[in-house]
S.K.: 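Have a look at this one before I ask anything.
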Amino acid sequence: MEITFIRHGQGEHTLSLPESLQLEDPSLTEAGREQARSLSSVFDVTKDDLVVASPTRRTLQTASLIAGESGCRRVVHPLVSPRMFPQKQGAMTLPCDRMLDQETIGTEFPGFELGSGMDRNMWTSGINVLPHDEFAECADIFLRWAEEQGHVTCTWCPMTERSRRTGSG
């Protein structure tokens, strides 16, 4: 199994910090769309790949651009939703990191299937402010799910950095 993590391109919520973090449901900027398009030339996504995105507009837009016309399977999964770092006890999810609901995803991103086997609450709360132990549990659940899927590409780490986890599978 090979998992490549890619963060979304530049989003509207990063243009005028910290005020822009209060934007709800921010999209990619034109620069963010260009970043995603140029990254699609680095990753040769094929019909045999699986692209997994978090349930936010900017990550679904990024994943769509990277996957292009490859014909690959596309899944939106709450276990790769935004994660506050560093964690702050009692913190609330910022408006820019609130996840899209399943109905909106189905309507606006019909090429994506919804990740299965998740508690409905996970689709509304996500992993953003989970305590470390609960987050670690969710990470293990996601990695087991990913291993069952085969080759996986997830959009959720910095656009300028790449992390790679390799195992057998």
Side-chain angles (χ1 to χ4, degrees), residues 3 5-30 32-33 35-36 40 45 49-85 87-146 148-149 152-159:
I3 299 178
F5 297 98
I6 304 165
R7 188 168 191 248
H8 59 79
Q10 181 189 58
E12 296 169 330
H13 66 299
T14 64
L15 295 179
S16 182
L17 298 171
E19 298 82 16
S20 56
L21 295 175
Q22 300 306 312
L23 286 172
E24 290 190 35
D25 191 23
S27 292
L28 291 177
T29 63
E30 184 52 46
R33 286 187 287 279
Q35 289 168 336
S40 70
V45 178
D49 289 323
L50 169 65
V51 173
V52 182
S54 76
T56 62
R57 182 172 307 282
R58 62 191 179 268
T59 55
L60 288 161
Q61 290 170 332
T62 300
S64 295
L65 290 166
I66 290 173
E69 300 299 319
S70 65
C72 70
R73 183 174 165 217
R74 301 169 192 213
V75 176
V76 59
H77 205 296
L79 292 183
V80 293
S81 62
R83 174 83 174 148
M84 186 179 295
F85 184 81
Q87 285 292 293
K88 297 176 184 174
Q89 185 126 13
M92 302 290 287
T93 299
L94 292 167
C96 64
D97 286 339
R98 290 188 194 129
M99 300 185 303
L100 295 174
D101 61 67
Q102 293 173 319
E103 186 177 322
T104 301
I105 293 166
T107 300
E108 296 184 28
F109 297 93
F112 283 84
E113 61 187 83
L114 300 174
S116 60
M118 292 280 65
D119 177 301
R120 182 138 181 94
N121 186 46
M122 188 57 69
W123 282 96
T124 55
S125 61
I127 60 172
N128 197 353
V129 294
L130 285 179
H132 177 74
D133 290 347
E134 289 179 49
F135 172 71
E137 210 174 292
C138 286
D140 286 341
I141 291 168
F142 176 75
L143 290 173
R144 282 192 302 273
W145 176 85
E148 292 170 4
Q149 309 306 307
V152 178
T153 301
C154 304
T155 61
W156 63 303
C157 287
M159 213 39 171

S.K.: With ring pair (Phe, Tyr, Trp, His ring centres under 6.0 Å) as the rule and sequence neighbours excluded, what pairs involving residues 51-73 come up?
M.R.: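 Checked against ring pair (Phe, Tyr, Trp, His ring centres under 6.0 Å) - neighbours excluded - no pair reaches residues 51-73.
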S.K.: Do Leu79 and Ile141 make a side-chain contact, defined as non-hydrogen atoms from C-beta onward lying under 4.5 Å apart?
M.R.: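 Result yes, sub-4.5 Å side-chain heavy-atom pair found.
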S.K.: Any chance you could measure Leu130, atom CG, to Met84, atom CE, to the nearest 0.5 Å?
M.R.: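 So the CG of Leu130 and the CE of Met84 are separated by 11.0 Å.
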S.K.: Does anything in residues 130-142 form a side chain to side chain donor-acceptor pair (under 3.5 Å)? List the pairs, not counting sequence neighbours.
M.R.: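 Checked against side chain to side chain donor-acceptor pair (under 3.5 Å) - neighbours excluded - no pair reaches residues 130-142.
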S.K.: Between Ala63 and Ala53, which heavy-atom pair has the shortest distance, and what is it?
M.R.: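 What the structure gives for the nearest pair is CB-CB, 3.8 Å.
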S.K.: Could you pull out all residues at least two apart from Arg144 that satisfy side-chain hydrogen bond (donor to acceptor under 3.5 Å, both in side chains)?
M.R.: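 With sequence neighbours excluded, Arg144 shows a side-chain hydrogen bond (donor to acceptor under 3.5 Å, both in side chains) to no residue whatsoever.
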S.K.: With rounding to the nearest 0.5 Å, note down the distance linking OG1 in Thr59 to CD1 in Ile6.
M.R.: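 Here the rounded value is 12.0 Å.
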S.K.: Looking at CD of Gln61 and CG of Leu28, how far apart are the two atoms once the value is rounded to the nearest 0.5 Å?
M.R.: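 Gln61 atom CD to Leu28 atom CG measures 4.5 Å (nearest 0.5 Å).
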S.K.: side-chain contact (heavy atoms from CB on, under 4.5 Å) with Glu19: which residues, sequence neighbours excluded?
M.R.: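 So Glu19 forms a side-chain contact (heavy atoms from CB on, under 4.5 Å) with Ser16.
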S.K.: What's the spacing between Ser54 OG and Leu60 CG if we round to 0.5 Å?
M.R.: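 Here the rounded value is 6.5 Å.
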S.K.: Return the minimal non-hydrogen interatomic distance between Ala91 and Val129, and the atom names on each side.
M.R.: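 Closest pair (atom of Ala91, atom of Val129, distance): O-CG1, 3.4 Å.
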S.K.: Checking Arg98 now: which residues fulfil side-chain contact (heavy atoms from CB on, under 4.5 Å) with it, not counting sequence neighbours?
M.R.: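 Glu24, Thr93, Pro95.
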S.K.: Salt bridge check: are Arg58 and Asp97 linked by an N-O gap of less than 4.0 Å?
M.R.: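 So Arg58 pairs with Asp97 through a salt bridge.
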S.K.: Quick check: closest heavy atoms across Thr29 and Gln10, and the distance to 0.1 Å?
M.R.: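 It is OG1-OE1, 2.6 Å.
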S.K.: How many angstroms lie between CG in Leu100 and OG in Ser81, if you round to the nearest 0.5 Å?
M.R.: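 Between atom CG of Leu100 and atom OG of Ser81 there are 11.5 Å.
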S.K.: Evaluate whether atom CD of Glu69 has more than 12 neighbouring non-hydrogen atoms of other residues, nucleotides or ligands under 6.0 angstrom away.
M.R.: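 It does not: Glu69 CD has 12 such atoms or fewer within range.
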S.K.: Can you list everything that forms a side-chain contact (heavy atoms from CB on, under 4.5 Å) with Ser70? Sequence neighbours excluded, please.
M.R.: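 side-chain contact (heavy atoms from CB on, under 4.5 Å) list for Ser70, sorted by chain: Val45, Ala67, Cys72.
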S.K.: The criterion is ring pair (Phe, Tyr, Trp, His ring centres under 6.0 Å); which residues satisfy it with His77, sequence neighbours excluded?
M.R.: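 Applying ring pair (Phe, Tyr, Trp, His ring centres under 6.0 Å) to His77 gives Phe142, Trp145.
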S.K.: In residues 104-117, what donor-acceptor pairs under 3.5 Å come from side-chain atoms, sequence neighbours left out?
M.R.:
residue	atom	partner	partner atom	Å
Thr104	OG1	Asp101	OD1	3.0
Thr104	OG1	Asp101	OD2	3.2
Thr107	OG1	Glu103	O	3.0
Glu108	OE1	Arg57	NH1	2.5
Glu108	OE1	Arg57	NH2	2.8
Glu113	OE1	Arg73	NE	3.0
Glu113	OE2	Arg73	NE	3.3
Glu113	OE2	Arg73	NH2	2.9

S.K.: Return the CD to NE2 distance between Gln22 and His13, rounded to the nearest 0.5 Å.
M.R.: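 Interatomic distance, Gln22 CD to His13 NE2, rounded to 0.5 Å: 12.0 Å.
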S.K.: If you compare all heavy atoms of Arg83 against all heavy atoms of Asn128, which two are closest, and at what distance to 0.1 Å?
M.R.: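 What the structure gives for the nearest pair is C-OD1, 3.4 Å.
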S.K.: Taking only residues two or more places apart in sequence or in another chain, which ones pass side-chain contact (heavy atoms from CB on, under 4.5 Å) with Asn121?
M.R.: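 By the side-chain contact (heavy atoms from CB on, under 4.5 Å) rule, Asn121 matches Asp119, Thr124, Ser125.
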S.K.: Which atom pair, heavy atoms only, marks the closest approach of Met122 to Ile127?
M.R.: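 Result for this residue pair: SD-CG2, 4.2 Å.
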